[in-house]
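Keep in mind that this is a model prediction, so the values were computed, not measured. Because only heavy atoms are used, hydrogens play no part in the values below, and waters and symmetry mates are left out as well, while side chains stay in.
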2 protein chains.
Amino acid sequence: MASKERILRLKDETRTNILAASIAIVKEEGWQALSMRKIADKIEYTAPIIYEYFSNKDAILNELTREGFVKLAKLMEIAISEHSDPAKQLEAMWLAYWNFAFAEKELYQVMYGVEMNCCAMANTCSDTQITMNMLWDKIEEIIPAEKRTEEYVDTKYYTFWSVVHGLISINMTRKSTSDELNKQVLKDAITGIISSMR
Amino acid sequence: MASKERILRLKDETRTNILAASIAIVKEEGWQALSMRKIADKIEYTAPIIYEYFSNKDAILNELTREGFVKLAKLMEIAISEHSDPAKQLEAMWLAYWNFAFAEKELYQVMYGVEMNCCAMANTCSDTQITMNMLWDKIEEIIPAEKRTEEYVDTKYYTFWSVVHGLISINMTRKSTSDELNKQVLKDAITGIISSMR
DNA sequence: TAAATAATCTAACACTGTTAAGCAAAGTTA
DNA sequence: TAACTTTGCTTAACAGTGTTAGATTATTTA
């Protein structure tokens, strides 16, 4: 009787173990090192066993993504509960989002498709720099002389870059949003930041 | 005499062909489908030949990244040349950046490590939605009633998300920037957008 | 104890990046 | 012209990947 429950509990446990082993491997060696055989090794089984719990590797990644979103939602609820003013709440929520991204870096990566793969973007090659410098210089030019410190230019530069790159990569990973909305957000952000500079 | 030059030119040509074949494959089937053997097939050689032009697969990706930055820099110079007012120039530069990202989607992906790998973020699962809704609702709450249209909330929501996600993913791929600067940009952006809402 | 079922593993397939060995044509030298 | 060297390219292999089918072992049931 109860043995059935025990078995079910055990099955559930190895399912959890698979996920835990996966995230552990990723934390140790990065996403590109995650393989079915390595997971199997860690849970002391052979690879085909995993397919009785997940239909394929993507299913594991999907489940980790789901767990990531659940965790994030919980953190946001906490953030809300710690303030009463809505504006403060919103700010705390975004801060929670930010902190989550770095506290659970690996989860954030699989949730939002950041880097994961290839070449590590090591590229500090000169060509990478050119574009940056062009933008940086132009921003510096616009900022009135009395405000023009390196720090200030840096801040504005990163703000620009973040909003534009963010909008782009959000659009690339989930392609739902309308072009109208994108252009709107983009224009708003650009003109907003520009006007804030002077 | 001249035959040496011809041969060198041919060598250069197959180098170019390798890069062209690579980007063609990626455009047809995505980054995860890019393999050495497929490239070799396309240039009508066998795989080991590629290693006489590039030390490994990463080197190909690096070269494509470099080419991407060169292209982007050129587009930005054009953007500058088409305006005289610095603010307009800067705006045109960011628009050029934006347009480049979608015109040369594959290059942008390898340049900035967007998605590339895995599971395509298909995830329209409910858990994904929860976080979004929490933020969306809170934003809606803050916006004064007279401005509160769905479009307006959407715009603000995406602006928020873009700047935060952008800042995060920039930090994850190139980990140079200081925490000070990050917090500064983040706080500035959040409070800036919040104050712009009401 | 024997049959049936569940749990697990081995072996294999078709791929991946990468390297070493070999072949055949071309160029160089005697 | 004959022998030698270099070049261009291929085949074969290694170790790894995700995934599946079949065999094997262990457990439960009759």
Quick one: are [X] and [Y] in side-chain contact, heavy atoms under 4.5 Å?
X        : Y        : answer
B:Asp137 : B:Glu141 : no
A:Thr159 : A:Val163 : no
B:Met111 : B:Glu104 : no

Atom pair distance, as rounded to whole Å: [atom1] in [X] and [atom2] in [N]:
X       : N      : atom1 : atom2 : answer
B:Tyr53 : C:dT18 : OH    : C1'   : 18 Å
A:Ile50 : C:dT8  : CD1   : P     : 13 Å
B:Phe54 : C:dT18 : CZ    : P     : 13 Å
B:Ile49 : C:dA20 : CD1   : P     : 16 Å
B:Asp41 : C:dG17 : CG    : P     : 12 Å
B:Glu44 : D:dT10 : CD    : P     : 10 Å
B:Ile39 : C:dT16 : CD1   : P     : 11 Å
B:Glu52 : D:dT7  : CD    : P     : 11 Å

Exercise for review: Could you tell me whether the side chains of B:Tyr45 and B:Thr14 share a donor-acceptor contact shorter than 3.5 Å?
Suggested key: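 Side chains of B:Tyr45 and B:Thr14: no pair found under 3.5 Å.
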Check your understanding: Should A:Met76 and A:Phe100 be marked as a side chain to side chain contact (heavy atoms under 4.5 Å, CB included) after you check the CA-CA gap, both sets of side-chain angles, and the distance that decides it?
Key -> CA-CA 10 Å; A:Met76 289 214 168; A:Phe100 169 81; over 6 Å; no
Point to revise | N/O donor-acceptor pair under 3.5 Å between A:Arg148 side chain and A:Val153 backbone | key: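 Between the backbone of A:Val153 and the side chain of A:Arg148 there is no qualifying donor-acceptor contact (under 3.5 Å).
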Practice item. Summarise how protein sits on nucleotides 11-18 of chain D as a single string, 5' to 3': B when a protein heavy atom is under 4.0 Å from the base, S for sugar-phosphate-only contact, - for no contact. Key: B-B---BB
